[in-house]
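Step one of this worksheet: look at the structure below.
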Amino acid sequence: MSAPDAIPLVNLKRQYASLREEIDRAFAPVLASQHFIRGPAVRAFETAWLKALGAAHGSGCSNGTSALALALEALGVGRGDEVITTTHTFIATAEAIRHVGATPVFVDIEPASYTIDPAAMAAAVTSRTRALIPVHIYGTAAGMDDILALAARHDLAVVEDAAQAHLGRYRGRMLGTLGDAGTFSFYPGKNLGAYGDAGFVVARDAAVADRISRLLDHGRASKYLHDMVGWNHRMDDLQAAVLSVKLARLEAWTETRRQRAADYAARLKPRGFKLVEPLPGSEPVWHLFVVEASNRDETVAALQAAGIGCGVHYPVPLHLQPAFTGCGQARGSLPVTERIAGRILSLPLCPELTPAELDRVCEVFLAVARP
Ligand SMILES: *Cc1c(COP(=O)(O)O)cnc(C)c1O
């Protein structure tokens, strides 16, 4: 049992309490219809999410990892291809590359924004490079102008991993709609979270979108006809019902996240702490509030002892993960990420975090952390 005044990293219980009746009402027609897979609730959510993004084509799917793999496969990325991505991300980004038979090539980040370094991407292009996966890490945009220009120069596909960036923008455009495809996760703790696993793939091209829609449902051309070998990566209707309820609140929640992030920055920046510095043109949605501390582990321990949830996103860069030892990128090869991996921590941030709770987090943090 946690102490009564514990402050979790993300307060999903408090959010549920504010939504309970609406969620019950949204579940009722799904349960009454017994239409659980790719049914009317999924179609309704797909329409609503595409409208929120201002995107024309896309499909709900099973999670953010399958969304990435579906996008890559539909864009023709596979065996023998290299895909350049950031070493500073959740492992799913690189897993999806492997799932389609391609090879991840990891590059470093920009120290200010923690987003993938476009110059490092350019330096990593080879004759086998087929695609780029920038990640809008923590909900702040990667340098898409440079990345799209690089892709155009070498005729590469761009898949944006927007799993942490729902409703984030870059130069006024919605993240996930700038590349050939964009992918979202609705894992419960994400800014828009289901009550289980769910994800989404947006595609610029109608034919690619159609391929994705069939690939995620066993390559179905019609009920009993399969014109390609696909997967079962479908979205389910109970998740879609939850997501539609939450989507109606997402803009307001995002605004509150921005206020809380500004409150944290006002307290921590004057004390000399390095925070996320979004690139010009980025309108971040603050999936996580990340700060660097030279005594990170001691700070994490003090926060936890005070009942304050915190996290490290991420302590082990992907090129140093045992799962990717075959990638041949040794310790020391991506120094910016390697350095910050030992310094970063994520403080509690969600729309349900109260200003008083934020004050307490800052008090405990500032009593122990050193820049
Ligand atoms: C959460 C996440 C994913 C994977 O999403 P799942 O829905 O958990 O499969 C992929 N990339 C990033 C950057 C994420 O944060």
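Each ligand, and each atom within it, is numbered from 1 in the order the structure gives. Just the heavy atoms: all of them, side chains too, but no hydrogens, waters or symmetry mates, feed the values below. In this text, all values refer to a predicted model and were calculated from it rather than measured experimentally.
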Under 30°, 30 to 60°, or over 60°: which ring-plane class applies to Phe45 and Trp49, parallel, tilted or perpendicular? parallel
Pull out every atom of ligand 1 sitting under 4.0 Å from any heavy atom of Val135, numbered as shown with elements. 13 (C)
Are any of the N/O atoms on Gln164, whether in the backbone or the side chain, positioned under 3.5 angstrom from an N/O atom of ligand 1? yes
Are Arg43 and Glu46 within salt-bridge range, i.e. N to O under 4.0 Å? yes
Will you find, in the side chains of His136 and Gln164, an N or O donor that is under 3.5 Å from an N or O acceptor? no
Report yes if Lys190 has an N/O atom closer than 3.5 Å to an N/O atom of ligand 1; otherwise report no. yes
Within 4.0 Å of some non-hydrogen atom of Ala163, the atoms of ligand 1 are 2 (C), 3 (C), 10 (C), 11 (N), 12 (C), 14 (C), 15 (O)
Could you tell me whether Asp161 approaches ligand 1 through its side chain, its backbone, both or neither, with non-hydrogen atoms closer than 4.0 Å? side chain
Using 30° and 60° as the class limits, which term best fits the ring planes of His88 and Tyr114: parallel, tilted or perpendicular? tilted
Flag side-chain contact, heavy atom, 4.5 Å: Phe200 against Cys61: no
Heavy-atom contacts under 4.0 Å between Asn63 and ligand 1: side chain, backbone, both, or neither? both
Under the side chain to side chain donor-acceptor pair (under 3.5 Å) definition, can you give me all pairs with a residue in residues 358-371, not counting sequence neighbours? Arg267-Asp359
Gly64-ligand 1 polar pair, N/O distance under 3.5 Å: yes
Examine Asp197 against ligand 1 and note whether any of their N/O atoms are separated by less than 3.5 Å. no
For atom 9 (O) of ligand 1, what is the closest protein heavy atom, and at what distance to 0.1 Å? Thr65 OG1, 2.5 Å
